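Here the structure comes first, spelled out in structure tokens, and everything after it is commentary.
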There are 2 protein chains.
Amino acid sequence: MAKGATIHHVAKKAGVSTATVSHVLNNTRYVSTETRELVLQVVRELRYYPSAVARGLATQETKTVGIIFSDIANPFFTALFKGIERELAPLGYDLILENTGEHPEKQEHSLQVLLSKQVDGIILAPTGQQSPILQLLKENGTPLVLVDRSVQGMDLPLVEVNNRQAAFAATSHLIGDGHRRIGVILGLDTTTDRLAGYMQALEQNGLPVDESLFYRGNASLETGCSGAKALLAHAAPPTAIFTANNLMTLGALHALRELGLRCPEDVALIGFDDTDWASIFTPPLTVVQQPTGEIGRAAASLLHKLMSDKGSAEISLRQTFPAQLIVRGSCSPACLANYLKRQKDDRLTR
Amino acid sequence: MAKGATIHHVAKKAGVSTATVSHVLNNTRYVSTETRELVLQVVRELRYYPSAVARGLATQETKTVGIIFSDIANPFFTALFKGIERELAPLGYDLILENTGEHPEKQEHSLQVLLSKQVDGIILAPTGQQSPILQLLKENGTPLVLVDRSVQGMDLPLVEVNNRQAAFAATSHLIGDGHRRIGVILGLDTTTDRLAGYMQALEQNGLPVDESLFYRGNASLETGCSGAKALLAHAAPPTAIFTANNLMTLGALHALRELGLRCPEDVALIGFDDTDWASIFTPPLTVVQQPTGEIGRAAASLLHKLMSDKGSAEISLRQTFPAQLIVRGSCSPACLANYLKRQKDDRLTR
DNA sequence: CTGAAAGCGCTTACAG
DNA sequence: CTGAAAGCGCTTACAG
């Protein structure tokens, strides 16, 4: 660093003041055509690129927004990132991405980094609960919007899918296919509403809630795998499983493969989130799909309003998008027929 | 911005100079235990977090490295990111990620952003050729390492997989299975060596090179899809296809599905890069696998050496990692048997 | 053991 | 139409 030309170098070489250089570069006050051209010429000759850090210190604006995700390898988050980028890049914002790996302490560190780097705003997919820095950020009015997940006990702007409706749709679909014992594999966050939707579907259909059919872990392939194994080792195993995120769906698929079980013949599967490969998988995966790109754009757009300090009165601080059920092949009624047959066989052999 | 406490506030409240505050925070000169504790106490009370931008301006070091990828949705790059992060995070570096979408102009913009943000170093997976800012970065000695791809006409530190060997292994495997007409779907970058490996395998086995079996596009699902379709519409279609990156493999798979073709019965497929779902796909995908995490770590480690300004003599500026062939089910010799049978059928019906 | 002050590279009222 | 100078929030020789 420090090797490049500074504004002083160009001012000196052009025979003008640094104020003038600054003004032509930022188009911030009138400068005669000739001096303007001259300055621009020198800028080119010297290959001068203004220091964003000096500018940031002077203006107290960095034109960058920080993004904190729990898992950058999750396609859901990369799609979210693209949505955010699509909205903010044209507005001249740079994005700095922090990856927490679902560790609350790492998230706390990331928030601190963004705070000290003086980002203009933050988009956070939180993991864990309230925290000192989050509290500080809120108090000092740093524009911040939550995405995908909420933080218990903190009222912050939030944009997310309608988790309850999505889980309700998925579970209802399974019930419609005749399933009565439905396993759920859940992550840490986002859990409450998804579980509520699941239960609502059961209740609405007069089915009992059996908590031994719940498996909780974190949103990962490993959890999906061990969760499916655990559920299928149940004395009265579920005939269908609802996996509450795409990584867990993949994990459950790995488990089925290991166990030598077929889907949907032996067990039906319905996933949360779509992926590029879901439609050509064997079987094609039935999923409940989030409008991920839209969610990202909405979060970015909301953040932008907050950063622009528009009268907060008209801004809706909580946005919910509907999910869509995409029926493919992973949970045909076949599995139930199979299950009933199995039960009959069991009875006969006894 | 500007709402938080500054170093002056804590200095004043603690009754010391800003120098002292700075020194206790950075552990950079001796401070008596009592003043130290007092300062720390005030820091906590005021919830003071130093401004990284002011610090950056003063020290000419930002403790952040910039990363430029062409496609953040590509699992290869997210794995690379994780490798980099794993190496650099413990060293106290923050990462800022730029996404170019394979657009050279966007890359140029990203480089400029990183330059003006005064990052301490850059890791770049380049798309496109030489550029003014890249040239400037090189001249002014900004630590920069290329990853995955090289830049024509510029000698820059680079860590990548052994593309030629990888493509050679993939193609040889196909030839070993009896294939004689092998299609290749190629991206824009990385192409030369992969094609060279492909050709080397053909030549070494005395097979002719047929350029009508090459399909070029960019590294995307769409290219893989249209490429497979085009190749299979060939008058004398290939019996096997080598897709030069994971997104293109997925695209080719989509094409097969659309065309109602089976793999490997109708056409064999071998891909570049492994994915989480490849092993449980139907058929399980045979691929040539890069040690992606290692590549990321190596690039990060090399960059760190460059940033630490260690005697450049001992640093090896070009590192190559071997790829590994993982044989699964997508290119069994079955396809050739099938192909021969088809030819026979054709002959009979004529 | 600690402080006063210059300096990092910009922006921006204040003057003229 | 343009310049001199203060200030953004830190760090760090220089003194004592």
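Quick caveat, the model's predicted, so the values are computed rather than measured. Only heavy atoms go into these numbers, but all of them, side chains included; no hydrogens, no water, no symmetry mates. Chain naming here is simple, since letters A, B, ... match the order of the sequence lines and numbering starts at 1 in each.
Residue B:Q60 places at least one side-chain N or O under 4.0 Å from the OP1 or OP2 atom of C:dG9.
Under the salt bridge (charged side-chain N to carboxylate O under 4.0 Å, His left out) criterion, no residue pair touches residues 48-60 of chain B, with sequence neighbours excluded. For the salt bridge (charged side-chain N to carboxylate O under 4.0 Å, His left out) condition, no pair includes a residue of residues 121-136 of chain A, sequence neighbours left out.
Listed by chain and number, the residues in a salt bridge (charged side-chain N to carboxylate O under 4.0 Å, His left out) with B:R29 amount to none (sequence neighbours excluded). Judged as a side chain to side chain donor-acceptor pair (under 3.5 Å), and not counting sequence neighbours, B:T320 has no contacts. By the side-chain contact (heavy atoms from CB on, under 4.5 Å) test, A:Q152 pairs with A:Q129, sequence neighbours left out. Partners of A:K63 according to the side chain to side chain donor-acceptor pair (under 3.5 Å) rule, which considers only residues two or more places apart in sequence or in another chain, do not exist here. For the salt bridge (charged side-chain N to carboxylate O under 4.0 Å, His left out) test, no residue two or more places apart in sequence or in another chain qualifies with A:E108. For A:L158, the side-chain contact (heavy atoms from CB on, under 4.5 Å) criterion is met by A:L146, A:S150, A:E160, A:R318, not counting sequence neighbours. With sequence neighbours excluded, the residues forming a side-chain contact (heavy atoms from CB on, under 4.5 Å) with B:R36 are B:V24, B:N27, B:V31, B:L40, listed by chain and number.
DNA chain C is contacted by no residue of residues 31-40 of chain A, taking any non-hydrogen atom closer than 4.0 Å.
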Reading nucleotides 10-16 of chain C 5' to 3', which nucleotides get B (base under 4.0 Å from a protein heavy atom), which S (sugar-phosphate only), which -?
BBB-B--
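In this structure, the CD atom of B:E61 is 22 Å from the P atom of D:dG9, given to the nearest Å.
In DNA chain D, runs of at least 3 consecutive Watson-Crick or G-U pairs, each pair with both distances below 3.5 Å, span C:1-3 with D:14-16, C:5-12 with D:5-12, C:14-16 with D:1-3.
Under 3.5 Å, the side chains of B:Q41 and B:E37 contain no donor-acceptor pair of N or O atoms.
Counting any heavy atom pair closer than 4.0 Å across all strands shown, B:V16 reaches sugar-phosphate atoms only and no base atom.
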